[in-house]
2 protein chains.
Amino acid sequence: MTTDFCKPSRRSPRDRIVEAARDLFRRHGIRGTGVDAIADAADSNKMTLYRHFSSKDDLIVECLRHAGMEMDGFWRELEDAHPGDGLGQLRAWVRRIAEHLGDDRCQCEMMSAAVQLTDEDHPGREVIRTFKDAQRDRVVELCRRAGVADAELLGDTLLLLIEGARAAQQSSGAEGPSARFAEIADAAILFFAGSGAVPR
Amino acid sequence: MTTDFCKPSRRSPRDRIVEAARDLFRRHGIRGTGVDAIADAADSNKMTLYRHFSSKDDLIVECLRHAGMEMDGFWRELEDAHPGDGLGQLRAWVRRIAEHLGDDRCQCEMMSAAVQLTDEDHPGREVIRTFKDAQRDRVVELCRRAGVADAELLGDTLLLLIEGARAAQQSSGAEGPSARFAEIADAAILFFAGSGAVPR
DNA sequence: CGAAAATGTTACTGGTCGGTAACATCGTCG
DNA sequence: CGACGATGTTACCGACCAGTAACATTTTCG
């Protein structure tokens with residue numbers, strides 16, 4: 001409570017390093033970002049970086065964990081905004097993703113890392129997989145609460161559409177197929193919600 | 001006609017280099033693959049590589065072009081197998097992609113490169129974008145020929161599902177959402193073909 | 001205050017990378 | 001054969017990179 005007045009770098013060096021790393025990884029890729037550049041962007045230095053993280057790979061893992069935690073917070077916001085309303089959360093989720101598709105700070109760190117971490121044994125891959133499994137469970141649970149008969153099928157459909165929208169954004173830009181993501185995802189939700197057990 | 005008997009490396013060094021580069025890029029990433037490793041894998045050497053390509057970036061562009069040409073050939077096969085049958089080609093396309101999703105040699109070089117080529121000005125990005133635009137036109141044309149009313153919408157839906165399936169394969173593995181890609185894509189086709197103008 | 005812990009600074013290592021120069025070899029064709 | 005173009009070999013350059021050591025500084029807290 002007594003710390004951080006208005007100092008240029010108020011958060012701990014560790015947090016600043018993780019944030020700087022995530023930013024640079026996003027902008028220049030994981031392999032294209034050196035630890036010196038990370039330490040520099042974090043207003044810190046390489047030694048402090050290596051006192052907190054045993055290696056660059058270790059830092060990568062921490063970045064992925066932070067990205068996952070950020071998404072956790074986002075899911076909690078959804079639940080708060082539409083308490084108990086599976087369908088509402090589902091549609092809000094889609095809307096939110098569509099809005100952030102074009103952001104520089106898009107939530108595709110997991111996908112991006114999955115492509116760049118070519119070594120199958122990289123510890124980051126397990127973080128990605130665990131996150132994706134949890135995400136799938138959450139979406140399917142939402143579909144179930146929305147009264148959808150085949151919740152798994154709608155869930156996987158939405159997940160494919162979302163990953164596809166992010167990938168298409170990278171390849172084709174904002175005017176490509178990703179431009180109609182929200183429309184398509186909404187249609188899928190409506191179709192499943194209508195043909196399955198009726199919600200409410 | 002008089003060349004290549006049964007020699008260990010029958011194709012030209014240039015072709016071998018491109019093929020080796022594509023293979024290594026796929027397995028270890030673009031930034032994770034050195035030119036020495038490429039020349040080595042091509043049973044050639046760095047000097048010959050640099051006599052054919054002015055830089056590694058130049059080689060990357062050529063690899064993307066080759067990948068695009070390979071896909072062109074694949075589209076021609078589709079037309080040959082189902083001449084004039086838009087719906088048949090569409091379904092065969094989906095089936096083929098689903099079959100090759102798990103392949104080590106999956107056709108996600110474009111998506112992978114789009115993620116790894118972080119520099120917006122990299123010449124490879126234009127190749128990717130051009131390819132994706134052409135792909136989109138082709139798919140939409142197929143949908144149109146299949147008698148689908150909103151051909152653009154089904155086209156984009158299928159493109160999102162396909163990119164999503166490839167991305168999900170990278171992140172979640174074969175047992176993730178990509179496992180139901182074929183089922184979902186087929187359902188989308190049937191839904192659109194049924195609700196639009198009836199084919200045949 | 002004063003000690004201890006955390007952080008910053010500088011300099012260094014060994015390795016890899018993209019790219020080039022000089023020279024040797026091979027294949028083709030007149 | 002002989003010459004020429006394509007290919008292979010070796011060695012090198014400068015830049016960058018992950019990681020470490022030794023030392024100086026600041027921050028924290030009893």
Side-chain angles (χ1 to χ4, degrees), chain A residues 1-22 24-25 27-63 113 116-119 121-124, chain B residues 1-22 24-25 27-63 113 116-119 121-124:
Chain A
M1 214 46 136
T2 60
T3 52
D4 64 285
F5 221 125
C6 194
K7 294 192 293 195
S9 47
R10 58 207 185 291
R11 293 178 328 301
S12 80
R14 193 178 200 279
D15 289 347
R16 277 179 284 144
I17 288 171
V18 171
E19 179 162 328
R22 287 180 62 190
L24 290 177
F25 287 164
R27 284 177 13 216
H28 307 301
I30 295 180
R31 301 195 108 121
T33 302
V35 287
D36 299 84
I38 295 172
D40 214 42
D43 271 318
S44 184
N45 56 81
K46 201 158 52 167
M47 270 316 300
T48 303
L49 190 154
Y50 276 103
R51 282 190 192 106
H52 286 285
F53 307 97
S54 66
S55 66
K56 184 183 178 183
D57 283 336
D58 191 24
L59 173 56
I60 293 170
V61 169
E62 188 63 16
C63 286
Q116 295 178 67
L117 268 33
T118 51
D119 183 2
D121 297 332
H122 193 289
Chain B
M1 221 37 139
T2 58
T3 49
D4 63 287
F5 221 124
C6 193
K7 293 191 295 196
S9 47
R10 55 205 188 292
R11 292 176 332 299
S12 79
R14 193 178 199 278
D15 289 347
R16 275 179 286 146
I17 287 170
V18 172
E19 177 160 330
R22 287 180 62 191
L24 290 177
F25 288 163
R27 287 182 3 221
H28 306 302
I30 293 180
R31 300 193 109 120
T33 301
V35 287
D36 300 85
I38 295 172
D40 213 42
D43 269 319
S44 183
N45 56 81
K46 200 158 52 165
M47 270 317 299
T48 303
L49 189 156
Y50 275 103
R51 282 187 193 108
H52 286 285
F53 307 98
S54 66
S55 66
K56 184 184 178 182
D57 283 338
D58 191 24
L59 173 56
I60 292 170
V61 169
E62 188 63 17
C63 286
Q116 296 179 64
L117 268 32
T118 52
D119 183 2
D121 298 330
H122 193 289

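The figures that follow rest on heavy atoms only: side chains count, while hydrogens, waters and symmetry mates do not.
Looking at A/Thr48, A/Val18, A/Asp43 one by one, the single match for side-chain contact (heavy atoms from CB on, under 4.5 Å) with A/Pro13 turns out to be A/Thr48.
The distance from atom CG of A/Leu59 to atom P of D/dC17 is 15 Å, rounded to the nearest whole Å. If you measure from atom CG of A/Leu49 to atom P of D/dG19, you get 9 Å, rounded to the nearest angstrom. One atom, CG of A/Asp58, and another, P of D/dT20, lie 12 Å apart when rounded to the nearest Å. A straight line from NE2 of A/His52 to C1' of C/dT7 spans 8 Å, rounded to a whole angstrom. Whole-Å rounding puts the B/Phe25 CZ to C/dC17 C1' distance at 13 Å. Distance B/Arg16 CZ to D/dA6 P: 15 Å, rounded to the nearest Å. When the P atom of C/dT10 is taken as reference, atom CG of A/Asp40 falls 12 Å away, rounded to whole Å. Rounding to whole angstrom units, CG of residue A/Asn45 and P of D/dA21 are separated by 16 Å.
In terms of heavy atoms, B/Ser55 sits closest to B/Tyr50 at CA-CE2, 3.9 Å. When every heavy atom of A/Val61 is checked against every heavy atom of A/Gly124, the shortest pair comes out as CG2-N, 3.7 Å.
A search for side chain to side chain donor-acceptor pair (under 3.5 Å) contacts involving A/Arg27 returns A/Asp23, not counting sequence neighbours.
Counting heavy atoms from C-beta on, the side chains of A/His122 and A/Ile60 come closer than 4.5 Å.
A close approach under 4.0 Å does not occur between any side-chain nitrogen or oxygen of B/Ser44 and OP1 or OP2 of D/dT7.
In the interface, the side chain of B/Arg51 is paired with the base of D/dG8 through a donor and an acceptor atom under 3.5 Å apart.
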Please tabulate, one pair per line, all N/O donor-acceptor pairs under 3.5 Å involving side-chain atoms of residues 32-39 of chain B, not counting sequence neighbours.
{"from": "B/Thr33", "atom 1": "OG1", "to": "B/Leu24", "atom 2": "O", "distance (Å)": "3.2"}
{"from": "B/Thr33", "atom 1": "OG1", "to": "B/Gly29", "atom 2": "O", "distance (Å)": "2.7"}
{"from": "B/Asp36", "atom 1": "OD2", "to": "B/Lys46", "atom 2": "NZ", "distance (Å)": "3.2"}

Strictly under 3.5 Å: I want the nitrogen or oxygen pairs between protein and nucleotides 18-21 of chain C, one per line.
{"from": "C/dG18", "atom 1": "OP1", "to": "B/Lys56", "atom 2": "NZ", "distance (Å)": "2.6"}
{"from": "C/dG18", "atom 1": "OP2", "to": "B/Val35", "atom 2": "N", "distance (Å)": "2.7"}
{"from": "C/dG19", "atom 1": "OP2", "to": "B/Tyr50", "atom 2": "OH", "distance (Å)": "2.7"}
{"from": "C/dG19", "atom 1": "OP2", "to": "B/Lys56", "atom 2": "N", "distance (Å)": "2.8"}
{"from": "C/dG19", "atom 1": "O5'", "to": "B/Tyr50", "atom 2": "OH", "distance (Å)": "3.4"}
{"from": "C/dG19", "atom 1": "N7", "to": "B/Lys46", "atom 2": "NZ", "distance (Å)": "3.0"}
{"from": "C/dG19", "atom 1": "O6", "to": "B/Lys46", "atom 2": "NZ", "distance (Å)": "2.3"}

